[in-house]
Amino acid sequence: MSVIFLVLPLALAIVALAVAAFVWAARRGQYDDLETPAIRAVQDD
Amino acid sequence: MLTIGSPSTGAVAPPPDEHACAHCGLDVPRGLLEPDAGQQFCCAGCRTAWAILHQNGLERYYDLPDRRDRPVQSSGRTYEDFDHPAFHALYVTGVPGGLSRVELYLEGVHCASCVWLVERVPLVVAGVVRAELDVRRSRATVEWDPATTPLSAIGRTLDALGYPPHPFRGMARDGHRRREDRAMVARIGVAGAIAINVMLASLALYSGWMSGMEAEYARFFRWTALLLTLPALVWPGRVFFTSAWAALRTRSLHMDLPIALALAAGFSRGVVNTVADSGPVYFDGVAMLVFLLLCGRYFQLRGQRAAADSTELLFSLTPLVARIVGGNGEVREAPAEGLIPGDVVEVRAGDTFPADGVVESGVSSVNVALLTGESRPVTMRAGDDVFGGTLNVESRLRVRVTAAGEATRIARLVRQVEDGARRRAPVVLLADRMAGWFTATVLALAVVVGVAWMQWDPARAVDNAIALLVVTCPCALALATPLAVTAAIGRAARSGILIKGGDALERLAKPSTLILDKTGTITAGAMKLVRFDGPEWVKPLVVALEAESSHPVAAAFREGLGLQVLPEVESSRHVPGAGIIGRVGSHDVAVGKPAFVESTGAGRMNRPVPALGPGRVLSEVWIAVDGRVAARAWLGDAVRPDAAQAIATLQREGWSVGIASGDATPVVLAVAEQVGIDPRRVVGNASPEQKLALVEATAWRQPVVMVGDGVNDAAAIAAASVGIGVHGGAEASLAAADVYLARPGLAPLVELVQGARRTMRVIHLGIALSLAYNVVGVALAMAGLINPLVAAVMMPASSLTVLMVAWRGRTFVEARP
């Protein structure tokens with residue numbers, strides 16, 4: 001029994017977590033406006 | 001810390017040119033220069049905006065590298081309807097803490113510094129807690145304390161800064177769209193994560209396939225890839241199957257049909273082989289396809305959204321609330337949609353007319369730019385017709401309503417714009433047109449391959465047929481158009497050409513008929529002093545007298561003669577539609593139409609009319625001093641310097657160029673002659689409705705491109721195959737346009753047409769390359785040389801090639817930053 005049988009599902013579980021976080025952020029509107037925040041960041045005073 | 005521009009020192013650096021407007025940086029007309037003042041302004045709008053920024057310590061705006069480069073044109077509206085309960089019921093929502101929130105659509109948001117300025121409104125207007133701007137959608141979310149600050153004050157401030165606000169209607173539709181957009185982003189993320197992980201599993205399989213791998217590991221990786229790909233197909237990839245199914249049911253052709261076919265074929269073969277524990281699986285290719293295709297689809301969707309958003313503005317042209325005058329003369333407020341013909345309404349200075357009507361009492365000037373494109377106010381008195389949506393500038397008017405609501409002229413125009421947009425058949429993009437025979441060819445080839453292989457190696461027949469289906473998946477083909485169009489639109493935008501959709505580019509690539517508006521498009525749209533014929537000593541008298549007037553002729557004199565030291569004006573009287581008369585520096589001076597000056601008792605001047613250059617139709621103005629005509633002047637709307645050359649270039653490229661203008665026919669003909677347009681293609685005296693009819697009649701025979709700047713052109717622009725709005729036009733009219741030229745002059749029009757042709761060339765190149773890949777793929781599959789590894793390399797390779805071509809292709813020349 002190789003370690004791959006354990007590690008691969010584990011890695012995929014972590015990926016699943018990341019994907020879930022991304023989907024949550026997308027549904028909350030975090031990616032609605034991709035232009036204005038970029039402009040805001042360089043205009044701080 | 002990242003900073004751009006020069007560091008703020010708190011003090012304003014003097015403008016580089018002493019004749020430049022302190023706010024917008026444009027040249028200040030000589031007549032408006034104030035030698036003693038520290039700053040010069042090109043207009044009252046810029047002066048107000050500058051004052052607001054300074055009173056609130058926002059001078060850093062002038063250090064921003066990318067600020068607006070056009071005069072602030074404040075509309076002068078009072079925005080009192082923003083405070084009406086009906087307005088609040090419709091557009092304003094409450095937020096915790098006793099605050100209110102409203103979404104406003106702002107005109108004039110084009111640059112990065114707009115974000116800076118709009119988001120500092122809380123510093124300018126007390127009581128505003130938060131202002132956030134979405135620069136791509138031109139939409140600001142404002143939260144404020146309604147107990148201390150009326151919304152109209154916020155509206156007026158935004159207006160003074162050059163961003164006239166409008167309430168954002170259609171929140172419900174917007175919410176739906178927003179959910180759709182978010183779902184799309186989520187799908188792309190999921191598809192991307194899955195594609196990469198399936199790739200990893202497949203990589204293990206491929207290396208095992210090269211160097212040997214124990215069967216249990218191969219089985220493990222196959223099942224892993226299968227279990228990963230399944231969700232990619234049922235969640236993000238479902239869109240292709242639903243759309244292919246819809247295309248099948250309506251018997252229409254769509255690129256999704258061959259895509260769904262390849263996805264289904266590849267996946268089912270993979271499942272069968274996984275279960276059978278032998279043979280190739282195509283999971284990596286399938287997962288990658290889903291991801292790449294979704295990206296292409298996202299670009300397309302974003303373009304369509306921008307087009308739909310801008311029509312929003314047309315709905316907010318008329319006010320919500322009207323002030324109805326009752327039988328006893330009392331005034332009450334009522335919703336404008338409840339008006340009926342016969343009602344008398346009161347319209348105060350700074351308000352827009354709620355309906356069409358006839359002036360009952362009062363004299364005022366009215367800005368009818370909305371309907372005619374004419375920017376100078378028109379004097380209206382009892383008996384004159386006024387139209388809903390136009391702006392009362394000067395003083396209070398009472399108006400008897402003749403048409404309200406849907407029957408008003410502006411409502412009819414808006415409806416025509418909507419109809420035009422709807423009637424315009426959706427362009428079947430080149431790739432979609434190819435979908436039909438593409439699917440048929442691929443299916444036929446797959447059958448041929450299957451049958452042929454049956455003859456000499458039945459065991460490999462199915463695999464080879466499937467391999468052909470997968471490897472010919474038109475992924476690159478489907479990507480070629482949206483990617484090239486997105487890249488071209490992005491580049492065009494950076495050089496001041498804003499394009500809403502890819503279909504406009506496709507239609508502009510082939511020369512057809514082009515109809516230009518005159519005022520504001522071919523000409524600059526402002527009166528200019530062309531010639532002054534008279535002694536020098538008359539000039540100061542004229543300028544001093546005209547300084548009393550706000551008429552455009554007066555502005556032309558001030559600017560054209562540009563004198564600083566002026567005699568004193570003792571009295572002056574403005575005779576509407578004729579001229580101005582007064583006493584200046586102990587002389588009686590009259591300036592105006594020849595007939596008017598003669599009527600003041602001045603004798604004729606017996607000098608020949610000087611040559612004014614070929615074909616110019618100009619307004620003649622006489623100047624009488626102490627009862628004798630002392631000088632004459634000619635004024636005209638100057639043709640833009642680049643117009644003749646631009647039109648000649650377009651004609652050389654095969655465009656048939658014509659003019660449709662609301663101006664008098666002789667004037668239009670003279671301009672046509674000057675810029676080299678065939679007089680047979682010139683239509684003068686055209687109302688908005690006639691322009692529309694002309695465009696429709698032409699569009700019947702061949703594609704027609706309409707270029708204009710006012711709402712009077714809006715219906716024609718919407719009905720045209722491609723509508724183009726030009727710099728300086730009414731922003732509301734741009735809603736109807738497919739393209740907006742944000743730079744003055746006609747040179748951008750030439751750039752647009754040439755860029756469109758180059759973009760189509762890039763698209764064709766991309767399609768040709770992806771087809772070439774497919775031909776190679778088919779040949780390999782027929783020879784039985786395709787295996788999943790070859791397929792997995794070929795598919796991304798073809799997509800990447802197309803992507804490179806689309807991204808690097810020369811389409812629009814970018815303006816250097």
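Chain naming here is simple, since letters A, B, ... match the order of the sequence lines and numbering starts at 1 in each.
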Working to the nearest 0.5 Å, report the span between [atom1] of [X] and [atom2] of [Y].
X        : Y        : atom1 : atom2 : value
B:Leu133 : A:Glu35  : CG    : CD    : 11.0 Å
B:Phe221 : A:Leu8   : CZ    : CG    : 6.0 Å
A:Arg28  : B:Arg182 : CZ    : CZ    : 9.0 Å
B:Thr224 : A:Leu12  : OG1   : CG    : 7.0 Å
A:Ile4   : B:Glu216 : CD1   : CD    : 11.5 Å
B:Glu132 : A:Thr36  : CD    : OG1   : 8.5 Å

Under a 4.5 Å heavy-atom cut-off, does chain A meet the side chain of B:Asn197, its backbone, both or neither?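 Contact with chain A: side chain only.
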Heavy-atom cut-off 4.5 Å, strictly under: side chain, backbone, both or neither for B:Leu228 against chain A?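 Only the side chain of B:Leu228 comes within 4.5 Å of chain A.
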Do the side chains of B:Trp235 and A:Val23 get nearer than 4.5 Å, heavy atoms only?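 In contact.
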Side chains of B:Val185 and A:Phe22: closer than 4.5 Å at any heavy-atom pair?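 Yes, close enough: below the 4.5 Å cut-off.
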Evaluate whether atom CZ of B:Arg130 has more than 12 neighbouring non-hydrogen atoms of other residues, nucleotides or ligands under 6.0 angstrom away.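 For B:Arg130, atom CZ is crowded (more than 12 foreign heavy atoms under 6.0 Å).
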More than 12 non-hydrogen atoms from neighbouring residues, nucleotides or ligands closer than 6.0 Å to CG on B:Leu230, yes or no?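 More than 12 within 6.0 Å, yes.
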Is A:Pro9 close to chain B through its backbone or its side chain, or both, or neither, when contacts mean heavy atoms under 4.5 Å?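 Side chain only.
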Between B:Phe220 and A:Phe5, what is the ring plane arrangement, given parallel below 30°, perpendicular above 60°, and tilted in between?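 B:Phe220 and A:Phe5: perpendicular rings.
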Testing the basics here: between B:Tyr217 and A:Ser2, what is the closest heavy-atom pair and its distance to 0.1 Å?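 B:Tyr217 and A:Ser2 have their closest heavy atoms at OH-CB, 2.7 Å.
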